[in-house]
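In this chain, residues are counted from 1 in sequence order. Every number for a ligand or one of its atoms is a count from 1 in the order of the listing. What you see below is based on every heavy atom in this structure, not just the backbone, and it leaves out hydrogens, waters and symmetry mates.
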Amino acid sequence: MTSTIDIQIEKIKKSRVSEQDINDVPFGKCFADHMLVAEYADGKWQNAKIMPYGDVPMSYAMSALHYGQAIFEGMKAYKNDKGEVSIFRAQDNFKRLNKSAVRMAMPEVPEDLFMNGLIELLRLDSAWVPTSDLGSLYIRPFLISTDEAIGVKISDTYKFVIICCPAGKYYSEPIKVLVETNYYRAVRGGVGFVKAAGNYGRSLYPTKLAQQKGYQQVIWTDSETQQYFEESGTMNVMFVIGDTLITPGLSDTILDGVTRSSVLALARDWGMKVEERKVSIKEVFEAIEKGTLKEAFGCGTAATIAQIIGIGHNGKDYALPPVSERKFSPKVDETLRAIRKGRLEDKHHWMMKVPA
Ligand code: COI
């Protein structure tokens, strides 16, 4: 996986950054000036280029479109009060991209291509990193198979691309979730533990049904017994019951979320009791009824912390404690923001500075 691939740079003639308020744009719809594109062919990575963001020619027979050999990452860059840009836990996203690549029979992306490409891209597009307290530059690295062929087989050619978009809040309000026991996000032996595009495609229909009933998201259960919570929407899910933080343990149906691991690290730093294990629906509803469930929230790169204030199950709605009474998750949210904005010591060395 070693590589010393050169990255060509073609700069945009005139930046588009002043065409909108990057501190106030809808998530994922406005893209920074440049993108990185690298090709894999003849068994090696080649033609790495940073170029103006734009459309690329492609064949409608391209294999990713038909058979879903497509994986991605989500990560974020932040600007501190001095105007310096840093990326949050880039190494972890890099490693997970390659874990996804292995599971999807795709070539791994060399570390220097990923890291140097990312840093060069962010140096060029540093003006796109929001300065607002809640703002960040969302970074979307992805890998797609590009063979022009309809036969089902492992592709011989791929493209690795990084695009970026300024982002604010992902959810504007706390969410209500519906326990989903008919459709599953992931199954044993499947690809739920990696960031495969198909995991998201398959979630859309059940999510639409939940939204028609007034919920913003579903909370997924395990496909074998429907007794245990797995994730919520596109996020890992956590509960505070009594004084313990509880979250489903990692398995082949749970994504090893970077935000998940950051939340757990902070909880442990603060001496909180943490349990990573199966979390049954029964224990959560019993805790709601006894009043011992203090908090429920989703965590992921896009949202950081999404407060869950209601859970629907079997035709009944359960109200959870109001966000104003929650102690742990708002503190996590604030602490992560302070570390990312350079206002609090980065004890875990999560931030990687982008040289000016
Ligand atoms: C994330 O929060 O990292 C996600 O994967 C959500 C994304 C699909 C928008």
How far is atom 2 (O) of ligand 1 from its nearest protein heavy atom, and which residue and atom name does that atom have? Ala302 N, 2.8 Å

Could you tell me whether Glu231 and Arg185 have a side-chain N and a carboxylate O separated by less than 4.0 Å? yes

Do the side chains of Ile71 and Val102 join up, straight or via other hydrophobic residues, at under 4.5 Å, putting them in one cluster? no

Could you identify the single nearest non-hydrogen protein atom to atom 6 (C) of ligand 1 and state the distance to 0.1 Å? Thr234 OG1, 3.7 Å

Do Gln307 and Glu295 get their side chains close enough for a donor-acceptor pair, meaning under 3.5 Å? no

Counting the benzene-type ring for Trp, do Phe160 and Tyr40 have ring centres under 6.0 Å apart? no

Which heavy atom of the protein is the closest neighbour of atom 9 (C) of ligand 1, given with residue, atom name and distance? Tyr170 OH, 3.7 Å

Report the nearest protein non-hydrogen atom to atom 8 (C) of ligand 1: residue, atom name, distance rounded to 0.1 Å. Tyr200 CE2, 3.8 Å

Around atom 4 (C) of ligand 1, find the nearest protein heavy atom and jot down its residue, atom name and distance. Lys195 NZ, 3.6 Å

If two hydrophobic side chains count as joined below 4.5 Å and joins carry through other members, does Phe88 share a cluster with Leu266? yes

For Gly300, atoms of ligand 1 separated by under 4.0 Å from a heavy atom: 2 (O)

